[in-house]
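Numbering of residues begins at 1 and proceeds along the displayed sequence. Just so it is clear, the model here is predicted, and its values are computed rather than measured. All values below come from the heavy atoms of this structure, side chains included, with hydrogens, waters and symmetry mates left out.
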Amino acid sequence: MLGVLGQVLTYIVPFLLVLTFIVTIHELGHFLVARAFGVKVDRFAIGFGRPLFSRTDRHGIEWRLGWIPAGGYVKFSGDLDASSVPDQAGLAELRQRVVAQHGPAAVRDYYHFKPVWQRALIVAAGPLANFALAVTIFAVLFMTLGAQMTPARVGQVQPGSPAAAAGFQPGDLITAVDGRRIEDSSEVTRAVMLSSGDPLRFTVERNGASVELVATPQRRMENDPIAGRIQIGRIGVLLEARRQDIRHVRYDPISAIGAGAQQTADVIGSTVTYLGRLLTGRESGDQLSGPIGIAKASGSLTNMAVQANPDPKATALNLGLTLINLAAILSIGIGFLNLLPIPVLDGGHLVFYAYEAVARRPVAARFQEAGYRVGLALLAGFMLFATWNDLQKLNLFQFLGGLVS
């Protein structure tokens, strides 16, 4: 029984805490921009189901915390359904009711009657808040802890590997990949992981001279301690920087914000690259994760943080930093996912608003309703695929065995 409780505390609780925090920031983005435009709000909710906490403020806004921590929403006055689908007949009825009860001037306080550019900004504010959160977290870490920059120096070259065929030698210092300057060895790893089957042009420094090498990463199956079984690109080199080459960089506030923005942009860029390769058949879908995979990853990170140092203070610090970093990465993922042009997501709303801005009229209600059905089906299919993916990667029976042992 204690084993089950320990597993729940390790895998589920950190994930739910981080997820709830990220969802709150996302919904606050929608809420704050809506209020800035004078939109009347009925409810700000985190979680679903029976409310654990509920309070209505002097503006008539209900602040609610549901007992199911799986999302959240902002309910604008006049929302016709959970997805805020603007059915034209319903909008006409709403306008008549508002005018009859509060007068014609009250119409401007309702979301659906705001100019399309304001509605678009309100919708985009959620994902942008997620990106801003990630930039802020990274910037604070860069200012307070700094960053360790490890040069991408080749320590070993695997015989028969793409790197050996390309002419890599121990001691080579990788300074650029496809023309992009390399500051840290992690940049090389990231570029190679997402380029299996595609030739990469490496610039290396060897004995004071610059040498150009071309290697094509091969896809390999590996057991990652955090993600489980994944297929990624490898060229067959082990990067081993010399101790004297490693430097610690601490950033001032301005440069920290720039570095945080760059870090966020790199994560988004890697995601776009992966999805592009996935759609063109050059990448497998085994890196897509759903709630199970993310919960497992957060649990693995929590275990690693706890085991890194037996000192309670060090453990608490490691655990806090781990969850903060996880929050930044998940915040980027949630922001990016919500911007996909799929109805029911923020990106789908933005597509409809773009049409409305160009055509000077909303998308017909029947097309919107059909789009939302398709969007729900796509989202459900994606979640099922990601969940199945998680079970395949994590070995479900081994995972469940750990829960009951």
Side-chain angles (χ1 to χ4, degrees), residues 3-29 46-47 52 65-72 126-127 129-148 186 190 224-228 250-251 256-257 259-264 266-268 270-271 287 289-338 386 390 393-394 399 402-403:
V4 175
L5 180 61
Q7 293 288 342
V8 170
L9 291 175
T10 299
Y11 287 93
I12 306 301
V13 173
F15 169 62
L16 291 180
L17 288 175
V18 171
L19 180 63
T20 300
F21 173 62
I22 294 170
V23 169
T24 301
I25 296 299
H26 179 96
E27 298 303 332
L28 275 175
I46 298 300
L52 296 174
L65 179 65
W67 73 275
I68 303 176
N130 287 130
F131 298 146
L133 172 63
V135 171
T136 301
I137 290 175
F138 289 139
V140 170
L141 292 176
F142 285 139
M143 278 192 296
T144 56
L145 302 178
Q148 181 172 287
S186 63
R190 185 166 56 244
D224 187 272
I226 296 174
R250 184 161 293 179
Y251 297 79
I257 293 173
Q262 184 61 56
Q263 183 90 344
T264 302
D266 287 342
V267 175
I268 296 173
S270 296
T271 304
Q287 292 189 51
S289 291
I292 293 177
I294 298 173
K296 198 275 180 184
S298 67
S300 299
L301 289 169
T302 301
N303 278 327
M304 292 170 63
V306 170
Q307 296 170 6
N309 194 317
D311 180 70
K313 292 183 179 179
T315 297
L317 178 61
N318 287 335
L319 183 58
L321 292 174
T322 297
L323 294 181
I324 289 172
N325 273 289
L326 178 64
I329 298 299
L330 284 183
S331 189
I332 296 171
I334 288 176
F336 181 85
L337 176 65
N338 272 278
D390 291 338
K393 286 190 297 182
L394 302 177
F399 181 66
L403 287 177

Original post:
Could you give the distance from CD1 (I268) to CD (Q263), rounded to the nearest 0.5 Å?
Top reply: 11.5 Å

Original post:
In Å and rounded to the nearest 0.5 Å, what is the CG to CG distance from L330 to N325?
Top reply: 11.0 Å

**OP:** With rounding to the nearest 0.5 Å, note down the distance linking CG in L337 to OG1 in T271.
**Re:** 10.5 Å

Original post:
Could you give the distance from NE2 (H26) to CD1 (I334), rounded to the nearest 0.5 Å?
Top reply: 8.5 Å

**OP:** Using a 4.5 Å cut-off on heavy atoms from C-beta on, say whether the side chain of V23 contacts that of I46.
**Re:** yes

Original post:
Taking atom CD1 of I257 and atom CZ of F138, what is their separation to the nearest 0.5 Å?
Top reply: 14.5 Å

**OP:** Mind checking the CZ-CG spacing from F21 to L16? Nearest 0.5 Å is all I need.
**Re:** 15.0 Å

**OP:** Return the minimal non-hydrogen interatomic distance between S331 and N130, and the atom names on each side.
**Re:** OG-O, 2.8 Å

**OP:** Check F131 against G335 and note the closest heavy-atom contact, atom names and distance.
**Re:** CZ-C, 3.7 Å

**OP:** Search all heavy atoms of A256 against all heavy atoms of M143 and return the closest pair with its distance.
**Re:** CB-CG, 3.3 Å

Original post:
Can you name the nearest heavy-atom pair linking D266 to R190, along with the distance?
Top reply: OD2-NH2, 3.8 Å

Subject >> Atom of N338, atom of P127 and distance for their closest heavy-atom approach >> reply: CB-CG, 4.0 Å

Subject >> Shortest non-hydrogen separation from A328 to A134 and the atoms involved >> reply: O-CB, 3.7 Å

